[in-house]
Each structure stands twice: as C-alpha cells, then as structure tokens.
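Worksheet: one structure, shown below.
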Amino acid sequence: AAAQIGVTGLAVMGRNLARNFARRGYAVAVHNRTPARTRELVDEFGGEGTFVPTETAADCVRALARPRCLVVMVKAGEATDRVVEEFAALLDEGDVIVDGGNAHFEDTRRREQQLRERGIHFVGTGISGGEEGALHGPSIMPGGSAESYRALGPMLESIAAAAPDGSPCVTHVGPDGAGHFVKMVHNGIEYADMQLIGEAYDLLRHAGGLEPAQIAEVFADWNRGRLNSYLIGITAEVLAHRDADTGLPFVDVVLDQAEQKGTGRWTVKLALDLGVPVNGIAEAVFARATSGHADLRRAARDLPGPRPDATAVGGAEFTRDIEQALYAAKIVAYAQGFHQIATGSADYRWHVDQGRVAAIWRAGCIIRADFLDRIRAAFDAHPDLPALLVDDTFAKALGQAQQPWRRVVATAAQRGIPAPGLSAALAYYDSLRADRLPAALVQSQRDYFGAHTYHRTDRDGVFHTRWAEPQRPEERAD
Ligand code: 2AM
C-alpha cells in the first residue's frame, strides 16, 4: 500500500513523529541518511503501525501516495537545504515538503519561494513539545500555502495534542515563514516564562528563606491555581528532586549557567529590527548570557552590595506577593510576544490570527497552560485588541497585582537579588501607562547635537531649534 506520509531524518524527533503518524493509522514511509536508523525504528516499533522502510530518497518518494507529503526532520541549516534539494529533485508539482525542524523563518521564506517556483509546496512548520510531544501530540505551527494545508491539515490534526476543549493544537498559521516565525516567538515567550519562574524561586529562597523542597510545595500549590502550566509543574518536580550522589537538592548541584540554542536570541534580534519592545524576553535571553560569563561573575563577586539571606521576609504574605508579581510579569511577557507576532504578521502580510495561535498553544507545547485559554478568549472577544494588557480580564489581574508586584521588585532591589524579568516587565508596564515619557528630553538632545528635529505637543509640523545661537530660535524643518 502507498504511504500517506513520509518522514526523513529519524533522530529522536523524527522517529517519534513517524511513530505518532503510524499510531494514528497512517502508513508512514521512513527514511534516514544512515539506513541503520531506519531499520532500528522498524525493528523496535514496527508493531505500532504501518511503516514502509526505504533505503534511498528515490525509494522513499516512490513509496508515497500523491500528492506526496514528506516531513523533513533533519538539523536546521545546511542539512535541511541539502535534504530538501535532494527530495525536491524527485518530487512533482503539487507535492508537499514539510520542514519540521527549528529553521529560521527567513530561511523558510527563501526555501518556500524557491520551491513554489517549481510547483512544490514547502511548509515550514514549528513543532513544540520536545520528544514526548512529538510522540504523544505536539503543538504544530505550519506555514506555507493554504492549499498545502488541505492535504496536510487532517494528518497534522490527528497527531497534534488536543486542547482541553478537544480541538487539535494545529492551525494553518499563515503563508511562507509564518509558522516558523510563530514558533520562534513561542520559544522567546518560553525563555521569558522560565526566567520569571527562576526569579520567583530565587526570591522565595533568598528573600523568603524557604528551602527548595518547601518552594516545590509552593509551586505545586500555584499549579492548582491560575498559574497552572507545564512549566510550573516541572519546576515543582525539579525543586522536589534530590541528587542521588550527594543527597543535596538537585538544583544546588547543577552549575548555574543556562545555555541556549538560539531561538530566543532570534526572537530578540528580530524584535530589534521590527522595533517591537520585548524587554521581558530580551532580559531572559540576557540573563542566560550573564549566567554563562563565569569570568565576569568571578571578577565581580566582591563588589559591594547587600548579601541575600540576611533576614527572611518570609511568610505566606510574601509568597502571595510573589505569585501576584509572577502572574503580572507573565501577562506582560506574553503580551510582548503577541505584539511581536502582530507586528511580524503585518510586516510580512501573513494575517496571523492571534486567537488561533493562543488556542494551539493550550496543549502539546512547552508553554502550554490554562493561561493560553484566557489569551484566546481575549482575542476572540476583540480580534483587534491593541494590546493584550488592556483586555478586561488581564487589566483586572494587573490592577490587583499592582502593590504586590511593586513590593516584590522593591524587595529584590533592596536585597540585591537580581530580578531582571520581573522588574523589566514592570518598567514596560509603567512606560505604557505614563502620561509623559522622558522621550521628550531624549528627542530634545537629539535635536541639540544632531539637528534630528522634533514634533511639538501644541502644533503640527517638524521643528528644529538652533541651539548654537544665543537666542535659540526655533524654525520649521518641514
Ligand atoms: P544520520 O542518522 O544519517 O546522521 C539529526 O541529526 C538527523 O538529521 C539524523 O537523522 C541525521 O541523519 C540527519 N542529518 C543530519 N545531517 C544530514 C545531512 N546532511 N543529510 C541527511 N541527513 C542528515
């Protein structure tokens, strides 16, 4: 029988995705550069469904029913280019190549355009949820042509995670690179969420005087409330875990240097180009970078400042304050991510439905949470919501969090506990709220040294002041 879908690149993500298709009843052609991996997959998991092992790319293409749908799961970058080209040469008009790797969306745009000229659909697809997600149901973010989704959509819908309301966590995000773009921002938000959770832990420990096992209970408790999410859940588990060798809390034996593969950095780089303020996400990326500068940290260790742990603030009230601050900063981080999606969507003319994006992040992906359903509801109620923060539900939560959030940031500053995510989010929030920003002074400075001109609050037009002259006369510059 002809296979309905093919998967090439059978490392753990590709293998699990192939198994997921097979378990859902699809006949899956499987292929890998090194054929031993293909044989291993079939030997080990062949009983789970119908696999069609293939040795060469040509064999793989021959095994597929038309229009052929092939999922490429190889390393992003050159390997993807090479594999896509190898298969594209064997495919016909109307066939579909899915790139399920973590490609940069600009690469996806380039590949999509090149293949479109040859009549082949190229579908850059974000897949989130790690190895387990790939096997049991990821959140899937396909881009590419709407036409490609007709062949592909039903198959993706059947392997995707199901949201609490039963709907599959996949949608046609938009044309060309939209899927990989949205996946990139997903990862940026993930960085911010993880950083905020890290700061909450740090404050509970060093200002609150709690031990990791106690903080595990706090997180487990939060996980039963509005913060309920995959990340909060695994945080509780990690904090409860003790190292087998030393008996110490696991978190205390792990070197405090957080690494990154690049999608968070991409998010921030692109935000800079788009002019979207994502300071919460940026602080999370920089916090990882800061942690990795061991020499810098060693050199700075003896700089003056308060030492944490002096006296515990402690108490249930402080824990409640942190929960409020965490929730408020989380709203800000997600709002920034969605602002970036809206801006990218407008710039690239993708028409991304932000409510749909929130909906497909409700399950399967790393940032899955009840919270995403609140975001979905906000966009469903007001598709043109100018900022997530002003949605009634979120505005109310931010209102309630005001004083606790400010107390937490103040406590962090007073005690010398770094909280870049929580405080950047607050600064962003207050910047948006401000009647007047010191941007007026900055623009004045620009006019002073660079004749960059300014607008006035009281009159239309463009103005420049001749600062070098004693009378500092103002002239129109337009
Ligand atoms: P391999 O098993 O032959 O190494 C993750 O590295 C996956 O991408 C693996 O399945 C790997 O195949 C595949 N891969 C990496 N680089 C590749 C390339 N240049 N061509 C084909 N497959 C590649």
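We count ligands from 1, going down the list as the structure has it; atoms in each ligand are counted the same way. On a predicted model such as this, the values are computed, not experimentally measured, just so you know.
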- Message: Just verifying a value: how many Å separate R39 CZ and L10 CG, rounded to the nearest 0.5 Å?
- Response: 12.0 Å
- Which ligand 1 atoms are under 4.0 Å away from a heavy-atom of A79? 16 (N), 17 (C), 18 (C), 19 (N)
- Message: Quick test: of every protein heavy atom, which one is nearest to atom 6 (O) of ligand 1, and how far off is it to 0.1 Å?
- Response: K75 CG, 4.0 Å
- Item | Shortest protein contact, atom 12 (O) of ligand 1 (heavy atom only) | N32 OD1, 3.6 Å
- Message: Minimum distance, heavy atoms only, to atom 7 (C) of ligand 1: which one of A76, A11, A57 is it?
- Response: A11
- Query: Could an N or O of ligand 1 be found under 3.5 Å from any N or O of L10, whether backbone or side chain?
  - Reply: yes
- Query: How does V83 reach ligand 1, by side chain, by backbone, by both or by neither, if only non-hydrogen atoms under 4.0 Å count?
  - Reply: side chain
- Proximal candidate to atom 15 (C) of ligand 1 [heavy atom criterion; set E78, R82, R33, R15]: R33
- Message: Quick check on side-chain hydrogen bond (donor to acceptor under 3.5 Å, both in side chains): which of H121, E157, H172 does Y149 satisfy it with?
- Response: E157
- Task: Find out whether the Lys NZ or Arg CZ of R226 is both under 6.0 angstrom from the six-membered ring centre of Y327 and within 45° of the ring's axis.
- Result: yes
- Distance under 6.0 Å and angle within 45° of ring axis: R15 vs F45: no
- Message: Could you check whether D202 pairs with R205 (Lys NZ or Arg NE/NH1/NH2 to Asp/Glu carboxylate O, under 4.0 Å)?
- Response: no
- With atoms numbered from 1 as shown, which atoms in ligand 1 lie under 4.0 angstrom from a non-hydrogen atom of G9? 10 (O)
- Query: Within a reach of under 6.0 Å around CD of Q260, are more than 12 heavy atoms found that belong to other residues, nucleotides or ligands?
  - Reply: yes
- What protein heavy atom sits nearest atom 2 (O) of ligand 1, and how far off is it? R37 NE, 2.6 Å
